[in-house]
Amino acid sequence: MRTVTPDNITEVFQSYFGPDTDPRFREVIGSLATHLHAFTREVGLTHDEWRKALEALEWAAKITTPERNEFVLLSDVMGLSSLVDMINSRQGATSSSVLGPFHVSDAPPMEIGDDMRGDFDDEVLLVEGQVRDADGNPVPGAEIDIWQTAPNGLYSSQDPDQDIMSFHGLMTADENGRYAFTTVRPVSYTVPTDGPVGEILNAAGRHPWRPSHLHFIVKAQGFRDLVTEVFPADDPYLDQDTVFGVRSDLVMTYKPQPAGSFPDGFALSGKVDGPFARVDFDFTLVRN
Ligand code: BEZ
Ligand code: FE
């Protein structure tokens, strides 16, 4: 096609694919171009707007490091990460939710009943539950990778005052699939706003807050890995998570407990003198 017009450019684009192109690549990129062209026509994108978008991507590239990926954050606040997550989730499993950028590899092993608080002192939270399969049977020995913010709202990789492994731990569930640990109650926090994503949120009149949450990756032989988060029902940002990560089955009540009222069945390594809160959260894994 020699003459390209606004009406035929999408068709021309499709005709440029080579005969040996991988069919899935062709489907995905062809559809992406189709939607980008339609979007451009629909909003009548100006040169100035197009240039600003490219400048935002250039800025994102400049500030992206292994510890902070502005492109992932852009995908998160646009709802793309959560949408990919939801359309690929498996029925019968606990809902998955965003991984976020603060997971670390090789988290330190924790025994069941261990404490994550380190030197931090705040409201104590006892987290316990069971890993089960879709029929309700326990999954013995499941591996549970756990991470969260410190009470100052920072993950260890954001905070020079914390050891990189602070509030990170790897627990192996017992023969009944059970796990338990004590920690401090995580707090609501803002996603980073000093880059192009912050400017987009600001221009859209959106806040950068996430409701407080505990992060988990649960793995067991023969089962699909589960990446998820657990949120307290009373968090003020529950209905407006800036990265769209909340699912109803991930919202739990953190129940206040009087001092000394620990459940039987496991020993706690950390000292808990006063009242504390407790959350019981069970994970359901589905087979591969
Ligand atoms: C997080 O939960 O750690 C997170 C998720 C998405 C963007 C920023 C942080
Ligand atoms: Fe988080």
Side-chain angles (χ1 to χ4, degrees), residues 56 59-61 63-86 88-89 94-105 107 116-118 120 122 125 127 144-159 162 164-170 181 183-202 204 206-218 225-247 249-252 254 279 281 283:
W59 185 10
I63 63 173
T64 289
T65 63
E67 290 78 36
R68 175 183 177 173
N69 190 321
E70 192 74 1
F71 292 99
V72 175
L73 186 59
L74 181 61
S75 158
D76 294 341
V77 302
M78 292 302 288
L80 182 60
S81 311
S82 278
L83 185 55
V84 170
D85 227 29
M86 288 186 284
N88 286 288
S89 78
T94 297
S95 295
S96 57
S97 187
V98 287
L99 171 69
F102 301 118
H103 175 251
V104 299
S105 309
M116 276 189 120
R117 281 173 293 170
F120 285 93
D122 211 319
L125 182 63
V127 188
I144 308 172
D145 199 338
I146 307 154
W147 70 106
Q148 67 166 88
T149 50
N152 61 5
L154 297 175
Y155 285 92
S156 59
S157 58
Q158 300 174 292
D159 185 356
Q162 283 184 69
I164 190 67
M165 292 305 176
S166 160
F167 290 106
H168 291 271
L170 191 62
F181 60 96
T183 184
V184 291
R185 196 180 162 125
V187 295
S188 320
Y189 64 87
T190 62
V191 298
T193 54
D194 57 346
V197 168
E199 291 217 341
I200 291 168
L201 291 177
N202 199 28
R206 276 175 57 180
H207 68 67
W209 287 88
R210 293 215 65 202
S212 65
H213 51 268
L214 293 154
H215 286 274
F216 297 96
I217 300 176
V218 187
D225 293 355
L226 173 67
V227 178
T228 194
E229 307 176 275
V230 174
F231 303 88
D234 58 357
D235 193 287
Y237 295 104
L238 201 63
D239 294 321
Q240 34 179 314
D241 179 4
T242 199
V243 303
F244 310 95
V246 180
R247 316 278 175 266
D249 62 319
L250 305 181
V251 178
M252 302 302 293
Y254 289 11
V279 58
F281 191 79
F283 302 99

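Excluded from the calculations below are hydrogen atoms, water molecules and symmetry mates; all remaining heavy atoms, backbone and side chain alike, are included. Ligands are counted one by one from 1 in listed order, and the atoms in each one are counted from 1 as well. Residues: numbered from 1 along the sequence shown.
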Candidate list Asp159, Leu154, Thr183, Ile146, test side chain to side chain contact (heavy atoms under 4.5 Å, CB included), partner Phe167, passing option: Thr183
Numbered atoms and elements of ligand 1 in range of Val191, under 4.0 angstrom, heavy atoms: 7 (C), 8 (C)
Short N/O/S contact of Thr149 with the Fe ion (ligand 2) (below 2.8 Å): no
Protein contact of atom 7 (C) of ligand 1 - nearest heavy atom, named by residue and atom, plus distance: Asp76 OD2, 3.2 Å
Side chains of Thr242 and Arg206, donor plus acceptor under 3.5 Å: yes
Atoms of ligand 1, numbered as shown, that sit under 4.0 Å from any heavy atom of Phe102: 3 (O), 9 (C)
Working for ring-ring contact (aromatic ring centres under 6.0 Å, His included), residues His207 and Tyr237: CA-CA 10 Å; His207 68 67; Tyr237 295 104; 5.2 Å; yes
Side chain, backbone, both or neither: the part of Val72 lying under 4.0 Å from ligand 1 by heavy atom: neither
Phe216 side chain reached by Ile144 side chain, heavy atoms, under 4.5 Å: yes
Side chain proximity check, Arg185 to Asp122, heavy atoms < 4.5 angstrom: no
Of the listed options Gln148, Arg68, His103, Arg210, closest to atom 2 (O) of ligand 1 (non-hydrogen atoms): Arg210
Winner among Ser75, Gly100, Pro101, Gly245 once heavy atoms are compared against atom 8 (C) of ligand 1: Pro101
His215 touching ligand 1 at heavy-atom level, < 4.0 angstrom: yes
Aromatic plane relationship, Tyr155 with Tyr189 - under 30° parallel, 30 to 60° tilted, over 60° perpendicular: perpendicular
Donor + acceptor pair across side chains of Thr193, Asn202 (<3.5 Å): no
The Fe ion (ligand 2): angle it makes with NE2 (His213) and NE2 (His215), nearest 10 degrees: 90°
Tyr189 near the Fe ion (ligand 2) via N/O/S, less than 2.8 Å: yes
Atom 1 (C) of ligand 1 - nearest protein heavy atom and its distance: Tyr189 OH, 2.7 Å
Glu229: numbered ligand 1 atoms lying under 4.0 Å from its heavy atoms: 2 (O)
Test item: Thr228 side-chain N/O and Ser95 main-chain N/O as donor-acceptor pair under 3.5 Å: yes
